[in-house]
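To start, the structure itself, in structure tokens.
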Amino acid sequence: MALKKAMGILVFSTQAVIGYDYHIQTCDAGLSWGDLSATDYGTIVQERFARARTRDTALLAAQQGGEVSSVWGEAASYGKRLLSGGEQVAEAQGEHEAPPPVCIRRGNVADC
């Protein structure tokens with residue numbers, strides 16, 4: 001009995017998701033409900049899967065080639081740039097004369 005209920009929920013949920021996606025695709029095409037044929041909708045779904053496969057293939061090729069084009073890869077590259085920028089700043093400061101000492105004033109006495 002529990003298996004029948006689970007299968008019923010699964011079938012209903014699948015139909016609801018497909019119906020909502022059909023509605024979104026119909027609105028994107030500028031048509032009213034029911035004007036988009038099942039073959040046209042099937043073509044749209046196949047094109048989406050093909051784009052996803054192409055994107056995944058390109059992402060995999062970029063990762064193998066040393067490039068990281070994902071969101072997390074870009075965030076990591078920003079961190080690498082920040083860290084390497086710190087080294088550049090340290091090198092630039094080492095080339096010039098030392099900065100003046102910091103003086104701390106307590107009352108009328110300055111401690112440098």
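What you see is a predicted model, and the numbers here were worked out from it, not measured in a lab.
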Partners passing side chain to side chain donor-acceptor pair (under 3.5 Å) against Thr39 (at least two apart in sequence or in another chain): Ser37
Point-to-point distance, once rounded to the nearest 0.5 Å, from OG1 of Thr26 to CG of Leu36: 4.5 Å
Can you list every pair that meets salt bridge (Lys or Arg N to Asp or Glu O under 4.0 Å) and has a residue in [range], with sequence neighbours left out?
range: residues 27-45; answer: none
range: residues 6-27; answer: Asp21-Arg48
range: residues 4-18; answer: none

Result block: side-chain N/O donor-acceptor pairs under 3.5 angstrom for residues 12-20, not counting sequence neighbours:
| from | atom 1 | to | atom 2 | distance (Å) |
| --- | --- | --- | --- | --- |
| Ser13 | OG | Ile9 | O | 2.8 |
| Thr14 | OG1 | Leu10 | O | 2.8 |

Aromatic plane relationship, Tyr41 with Tyr22 - under 30° parallel, 30 to 60° tilted, over 60° perpendicular: perpendicular
